[in-house]
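Contents: one structure, followed by commentary.
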Amino acid sequence: MAQVSSSSSLPLPDLHGHFGPYGGRYVPETLVPALDQLAAEYDAARQDAQFASTLSELLKHYVGRATPLYHAERLSREFGGHIYLKREDLCHTGAHKINNALGQILLAVRMGKQRIIAETGAGQHGVATATVCARFGLSCDIYMGEEDVERQALNVARMRLMGAKVIPVSSGTRTLKDATNEAMRDWVTNVRNTHYIIGSVVGPHPYPMMVRDFQSVIGREAREQVLEQEGRLPDMLVACVGGGSNSMGLFYPFINDIQVHMIGVEAAGMGIDTGRHCAPLTAGSPGVFQGSASYLIQDEDGQVAPSHSISAGLDYPGVGPEHSWLKDSGRAEYGVVTDNEALEAVQLTAEREGIIVALETAHAIAFLNKLKMAGRIENNTVVIVNCSGRGDKDMATVARELHL
Amino acid sequence: MNRLTDNFKQLNARGEQALICFVTAGDPDVDKTVELAAAMYDAGVDALELGIPFSDPLADGPSIQASSQRALDSGMTAHKAMECARRIHARVPHLPLVLMTYYNPVLRYGMDRFAHDAATSGVDGVIITDLTPEEASAWQQNAAANNLATIYLLAPTSTDERVASVCKSCSGFVYCVSRTGVTGARQDVPQDLRDTLSRIRKHTNLPLAVGFGVSSPEHVAAISAFADGVVVGSSLVDLIHNNRDNPSLLKIAAEYCASLKGATRSSKVGSNV
């Protein structure tokens with residue numbers, strides 16, 4: 001069951017949110033007091049048994065946790081080994097994003113904030129935020145790039161149905177990065193009554209740590225479930241990485257199990273060589289962007305370069321600072337999957353398992369093929385893939401690309 | 001003592017406040033930026049903030065976002081902005097110069113090289129909008145080694161404890177953000193601004209300059225009553241953009257700056273430093 005376990009033995013960022021040289025807090029001065037308040041409130045909440053039990057009850061009865069760890073037999077036949085899907089797509093609202101949104105709205109309520117803002121790419125975090133705002137009766141404004149408003153129309157309608165205002169962002173690349181800039185600008189302006197629910201393990205401290213912790217329910221459950229079903233720890237964890245919240249959530253509870261190999265899959269878009277990708281860990285370099293130090297896609301002048309992915313949720317030039325740390329320390333490995341490979345994986349998973357996954361999730365599944373080709377999946381290899389979200393939102397794109 | 005602080009002292013002794021104007025380097029182009037700086041100096045501007053554009057200016061409102069994007073689209077880089085500063089300094093050596101940017105372009109340039117090149121270009125101080133003193137120890141060292149003022153921002157939300165600690169790292173002047181929000185012209189001067197400044201003044205002898213939302217001589221006059229300087233950016237950037245093809249651009253910009261400067265002299269309260 002969903003429970004907040006002790007994380008005292010696990011590595012944390014330092015007091016200022018640093019993961020080695022990454023993380024930290026790079027924001028306009030106006031936000032510093034709000035981040036201090038949030039960090040203090042989160043600290044207090046973490047030690048409050050009442051907070052933990054409220055969150056746990058909501059995760060169980062509202063979100064529908066624990067989500068299954070499903071042995072995907074036909075995918076296992078395709079790729080070899082024992083392939084398990086951690087079914088976050090079965091969460092209320094259709095993706096793992098709700099785990100974090102719920103945790104943060106409880107904090108917002110504790111802090112007495114009346115208004116919530118959020119950024120969204122694919123719309124899954126926007127939907128999750130709109131959902132918890134409806135549930136708790138808080139006003140909700142969601143920033144979304146114009147391009148994403150177009151390609152994720154279903155999620156826009158869902159947010160509006162739940163009473164959220166969706167604000168299209170027309171600046172810059174009109175995607176997640178610019179929606180995040182606009183949300184930050186809103187927060188700078190309305191910080192006194194507004195809480196900003198960041199949807200991934202990015203941004204200034206304490207967000208990367210806090211979002212990771214709220215998402216760690218994924219890995220805690222998966223660890224318990226795999227021990228029950230296989231009688232041992234898995235050999236590999238595979239998850240897609242945009243900002244990196246579903247992967248951090250799966251990885252973190254296994255971080256001290258050094259025999260468990262962790263693989264994050266970035267979006268190669270049209271191909272790394274084309275420069276049209278979202279793979280900062282694979283093809284970027286360290287920098288400071290949207291509040292923290294981390295790997296980043298940038299030009300030689302330090303300007304953030306436009307990213308591209310067929311998946312709106314991965315279409316982001318930055319990545320969470322803890323992933324940068326896991327990469328440099330060698331604890332995790334990062335690979336890439338192109339738009340086309342992801343589309344093929346959507347089709348394959350639908351045909352073989354009767355599960356329509358999100359384009360984001362499809363990147364993780366597509367990577368299984370690379371592991372197979374590299375001879376890394378043996379008959380008894382146990383792999384957990386985070387099935388981070390369902391694909392309904394992507395049907396227009398998928399139908400067009402696959403000529404359905 | 002830094003030339004910026006010096007400048008404030010002299011102005012305040014004369015019963016006037018400093019007018020600091022912001023332009024984006026390379027909007028519309030470097031030649032124009034240099035000419036504008038000279039015209040603004042002649043119009044009485046006391047210091048220039050030269051913006052090095054960044055692709056993701058999250059503390060800036062629509063005017064400076066658009067200006068930054070225009071400059072980037074026409075090929076502006078941190079190195080070219082540095083060259084622009086060098087040319088301005090050669091043209092008007094008595095105009096104190098402050099670079100304003102975000103942290104990533106500075107990191108990418110190389111912090112030590114950035115500080116060195118800024119100093120040798122005639123720059124007096126640097127404002128890095130998304131860098132607070134907590135993350136700035138390396139930058140502080142590089143700036144100090146090159147005698148550059150490290151100007152930090154304080155906001156209405158800054159607690160007394162933070163005001164005290166930020167002031168300790170600050171040199172040149174303290175940039176006081178007039179309101180919670182991003183840069184951009186506004187209609188009014190916030191009611192609580194005077195209180196915020198008196199709160200900050202308890203912790204520092206540095207001059208206090210107020211920016212964000214200051215766009216008219218009336219704002220300047222009102223703020224001059226209790227601050228040591230004012231910063232005007234977005235409205236000037238818009239004025240320049242709207243008149244970019246106007247042969248009278250320099251004259252129009254100079255007249256606007258002169259009207260703002262006049263408002264810093266109308267206030268009778270001086271010697272705040």
Side-chain angles (χ1 to χ4, degrees), chain A residues 15-18 21 23-37 119 169-173 177-194 203-205 285-294 296-306 317-318, chain B residues 52-62 65-66 68-69 71-72 75-81 101-110 114 128-136 152-163 165-166 174-184 212:
Chain A
L15 271 177
H16 303 286
H18 295 118
R25 194 184 269 178
Y26 298 88
V27 291
E29 170 64 26
T30 307
L31 292 181
V32 174
L35 292 166
D36 281 340
Q37 184 198 11
E119 84 296 337
V169 175
S170 58
S171 59
T173 56
K177 149 182 115 74
D178 306 283
T180 305
N181 286 337
E182 276 313 310
M184 289 255 188
R185 290 178 185 125
D186 180 314
W187 202 33
V188 170
T189 307
N190 301 300
V191 60
R192 288 183 169 117
N193 73 348
T194 299
H205 178 66
S285 55
V288 166
F289 174 59
Q290 291 182 341
S292 57
S294 197
L296 177 63
I297 306 174
Q298 57 184 328
D299 68 15
E300 65 280 4
D301 193 44
Q303 307 298 341
V304 181
Chain B
I52 300 178
F54 178 51
S55 54
D56 294 81
L58 55 79
D60 285 302
Q65 283 177 47
S68 303
Q69 197 55 53
L72 290 172
M76 184 48 44
T77 64
H79 285 88
K80 288 181 186 169
T101 189
Y102 289 79
Y103 196 33
N104 203 51
V106 177
L107 272 180
R108 195 70 184 174
Y109 197 109
F114 187 92
I128 303 173
T129 313
D130 56 349
L131 187 66
T132 58
E134 289 83 352
E135 299 283 357
Y152 293 100
L153 282 71
L154 280 171
T157 52
S158 306
T159 58
D160 286 341
E161 198 184 355
R162 269 199 74 71
V163 169
S165 78
V166 171
V174 181
Y175 193 129
C176 306
V177 175
S178 70
R179 69 193 72 221
T180 59
V182 293
T183 58
F212 284 42

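These figures come from a predicted structure and were not determined experimentally.
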Got a second to check how far [X]'s [atom1] is from [Y]'s [atom2], nearest 0.5 Å?
{"X": "B:Arg108", "Y": "A:Asp299", "atom1": "CZ", "atom2": "CG", "value": "7.5 Å"}
{"X": "B:Thr180", "Y": "A:Arg192", "atom1": "OG1", "atom2": "CZ", "value": "5.5 Å"}
{"X": "B:Tyr102", "Y": "A:Phe289", "atom1": "OH", "atom2": "CZ", "value": "12.5 Å"}
{"X": "A:Glu182", "Y": "B:Leu58", "atom1": "CD", "atom2": "CG", "value": "10.0 Å"}

Reference residue B:Asp56; test side-chain hydrogen bond (donor to acceptor under 3.5 Å, both in side chains); the match among A:Thr180, A:Asn181, A:Thr173: A:Asn181
As a quick check of understanding, evaluate side chain to side chain donor-acceptor pair (under 3.5 Å) for A:Tyr26 and B:Glu135, giving each step before the final call. CA-CA 7 Å; A:Tyr26 298 88; B:Glu135 299 283 357; 3.2 Å; yes
When you measure from the side chain of B:Ser55 to the backbone N and O of A:Val304, does any donor-acceptor pair fall under 3.5 Å? yes
What part of [X] gets within 4.5 angstrom of chain A, counting heavy atoms only: side chain, backbone, both, or neither?
{"X": "B:Val106", "result": "neither"}
{"X": "B:Leu107", "result": "side chain"}
{"X": "B:Gln65", "result": "side chain"}
{"X": "B:Pro62", "result": "neither"}
{"X": "B:Tyr109", "result": "neither"}
{"X": "B:Ile128", "result": "neither"}

Where [X] and [Y] come nearest, the two heavy atoms and their spacing:
{"X": "A:Val32", "Y": "B:Thr132", "result": "CG2-CG2, 3.9 Å"}
{"X": "A:Asp301", "Y": "B:Met76", "result": "OD2-O, 4.1 Å"}
{"X": "A:Thr30", "Y": "B:Ala155", "result": "OG1-CB, 3.3 Å"}

Which residue out of A:Gln290, A:Met184, A:Gln298 racks up the most heavy-atom pairs below 4.5 Å with chain B? A:Gln298
Applying a strict 4.5 Å limit to non-hydrogen atoms, the region of A:Arg25 in contact with chain B is both
Using non-hydrogen atoms only, which part of A:Ser171 is less than 4.5 Å away from chain B: side chain, backbone, both, or neither?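 Just the side chain, heavy atoms under 4.5 Å.
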Please tell me if the side chains of A:Val288 and B:Leu131 come closer than 4.5 Å, counting only heavy atoms from C-beta onward. no
Do B:Cys176 and A:Glu29 come within less than 4.5 Å of each other through their side chains, counting heavy atoms only? no
